[in-house]
There are 2 protein chains.
Amino acid sequence: MDAFAALADPVRRALLVALAAGPARVADLAASHPISRPAVSRHLRVLAEAGLVAATDAGRERHYRLQRPGLAPVTDWLEALGPPDGGPRVTAAHLDALDLEVRRTTRDRRTTGADGADDRADDRAGETA
Amino acid sequence: MDAFAALADPVRRALLVALAAGPARVADLAASHPISRPAVSRHLRVLAEAGLVAATDAGRERHYRLQRPGLAPVTDWLEALGPPDGGPRVTAAHLDALDLEVRRTTRDRRTTGADGADDRADDRAGETA
DNA sequence: GCTATTGGTAACAGGTCAGTTACTAATCTG
DNA sequence: CAGATTAGTAACTGACCTGTTACCAATAGC
């Protein structure tokens, strides 16, 4: 089952959200969802086939964790279709160019004693890390 | 049917891709896809319910067009789950701040006679329009 | 007004998917 | 070793979804 079909089921989306907070066992996921454990087990198998989760055996337990790269087919398709609201569409190259400009600007203004406009460049640097 | 379930069907995704190139009639979409016209008609109804397409009556014809904002529930959910690869995550506010910096930089360099580095700020302005 | 074209609906058949209960395999614990 | 816990599988049922053909309504063109 592909990633699109895997995301179509609300139970599977809920499982992914739960796993986004960190790895979990099958019993834990079944306890926090209104379906039986075999149903959870099968949903997890579907998600694993789609590359959205991965399992690690630990004795008799099995720890499932989210695999965010598995969402790439969906995100890629969505972005190929175009932005949902004509919002900003920026590539890493754009950011690099802008980053260069901003660093030069702030340095120039410091040396020339410009006004105290806030230095937002650090925001991006932090988020892209 | 919600947007997630609507995107689960490959035929519906193909219809959306076709509509991304511009509005189309039902007959046109049916002709370019290996399913009957009633099937296309029902797929379009599903997509309309999900807010992914909209129709405009034009005489006996009906022009369907893509509604990109309908994808918002999906994109929002995906981005709430976290970035697939830790890529750049930039908001419009960041871009505005950067844009301000860049415009000031280029102006300063013009007045001070700097090198001929290209003016990338216009790129962003065009893409966000 | 008659015919052709466009689009939606109805009814039906086929297949798939989600859920359950019952059972089995493997591992930890006393 | 015996019992308990964890996880997966098998078999089954019920619902839903997708596709088809046949039919109906509305509009354009002669």
Side-chain angles (χ1 to χ4, degrees), chain A residues 1-19 21-67 70 73-74 77, chain B residues 1-19 21-67 70 73-74 77:
Chain A
M1 188 176 283
D2 61 4
F4 286 96
L7 292 182
D9 190 289
V11 173
R12 282 195 288 267
R13 289 201 299 275
L15 290 175
L16 290 178
V17 169
L19 289 176
R25 301 176 305 152
V26 177
D28 297 334
L29 294 171
S32 58
H33 290 82
I35 58 176
S36 64
R37 187 185 51 70
V40 171
S41 194
R42 195 152 51 181
H43 278 305
L44 288 171
R45 185 176 60 184
V46 170
L47 290 170
E49 282 178 16
L52 298 175
V53 303
T56 305
D57 284 347
R60 70 179 161 185
E61 298 180 354
R62 187 169 241 193
H63 295 210
Y64 282 90
R65 63 184 182 282
L66 181 61
Q67 291 279 88
V74 179
W77 186 88
Chain B
M1 188 173 282
D2 62 5
F4 287 95
L7 293 182
D9 191 289
V11 172
R12 281 195 289 267
R13 290 201 299 275
L15 290 174
L16 290 178
V17 169
L19 289 176
R25 301 176 305 152
V26 177
D28 297 334
L29 294 172
S32 57
H33 290 82
I35 59 176
S36 64
R37 186 184 51 70
V40 171
S41 193
R42 194 152 50 179
H43 278 304
L44 288 171
R45 184 176 61 183
V46 170
L47 290 171
E49 283 178 15
L52 298 175
V53 303
T56 305
D57 283 346
R60 70 180 160 183
E61 298 180 354
R62 186 169 244 193
H63 294 213
Y64 281 91
R65 62 184 182 282
L66 181 61
Q67 291 279 88
V74 180
W77 185 88

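Reminder, nothing fancy here: chain letters follow the sequence lines and each chain counts from 1.
No hydrogens or angles considered: nothing links the side chains of Arg62(A) and Thr56(A) as a donor-acceptor pair under 3.5 Å.
Close to dG19(D), at under 4.0 Å from its OP1 or OP2, lies no side-chain N or O of Ser36(B). For dA18(C), the OP1/OP2 oxygens have no side-chain nitrogen or oxygen of Arg42(A) closer than 4.0 Å. Between Ser41(B) and dG7(C) there is no side-chain N or O to OP1 or OP2 distance below 4.0 Å. Between His43(A) and the phosphate of dG19(C), there is a side-chain N or O to OP1/OP2 separation shorter than 4.0 Å. Put simply, Tyr64(B) has a side-chain N or O that comes within less than 4.0 Å of OP1 or OP2 on dG8(C). Side-chain N/O atoms of Arg45(B) include one lying less than 4.0 angstrom from OP1 or OP2 on dT9(C).
Between Asp2(B) atom CG and dC17(D) atom P there is a gap of 10 Å when expressed in whole angstrom units. Rounded to an integer number of Å, the gap from Leu7(B) CG to dT18(D) P is 12 Å. Straight-line distance from the CZ atom of Phe4(B) to the P atom of dC16(D): 21 Å, rounded to whole Å. In this structure, His63(B) places its NE2 atom 12 Å from C1' of dG7(C), rounding to the nearest Å. Rounded to an integer number of Å, the gap from Asp57(A) CG to dT6(D) C1' is 11 Å. Summarising the geometry, the separation between CG on Leu44(A) and C1' on dA18(C) is reported as 14 Å, rounded to the nearest angstrom. His33(B) has its NE2 atom 11 Å from the P atom of dG19(D), to the nearest Å. Atom CZ in Arg62(B) sits roughly 13 Å away from atom P in dA26(D) (whole-Å rounding).
Note that the CG atom of Leu16(B) and the CG atom of Leu44(B) stand 9.0 Å from one another [nearest 0.5 Å].
With Arg13(B) contributing its side chain and Ala8(B) its backbone, the two residues share a donor-acceptor pair below 3.5 Å.
Salt bridge Asp28(B)/Arg37(B): absent, no basic N to carboxylate O contact under 4.0 Å.
For Arg60(A), the side-chain atoms get nearest to dT6(D) when compared with the rest of dG7(C), dT6(D), dA22(C). Listed candidates were dT18(D), dA22(C), dA7(D). Nearest to the side chain of Pro38(A) is dA22(C). When distances are taken from the side chain of Ala39(B) to each of dT20(D), dT18(D), dG8(D), the shortest belongs to dT20(D). Of the candidates dT18(D), dG19(C), dA7(D), the closest approach to any side-chain atom of Ile35(A) belongs to dG19(C).
Closest of all the heavy-atom pairs between Ala5(B) and Arg12(B) is O-NH2, 3.3 Å.
When each of Gly59(A) and Arg12(A) is assigned the nucleotide of DNA chain C bearing its nearest heavy atom, the one mapping closer to the 5' terminus is Arg12(A).
Between the side chain of Arg37(A) and the base of dG8(D), a donor-acceptor pair under 3.5 Å is found.
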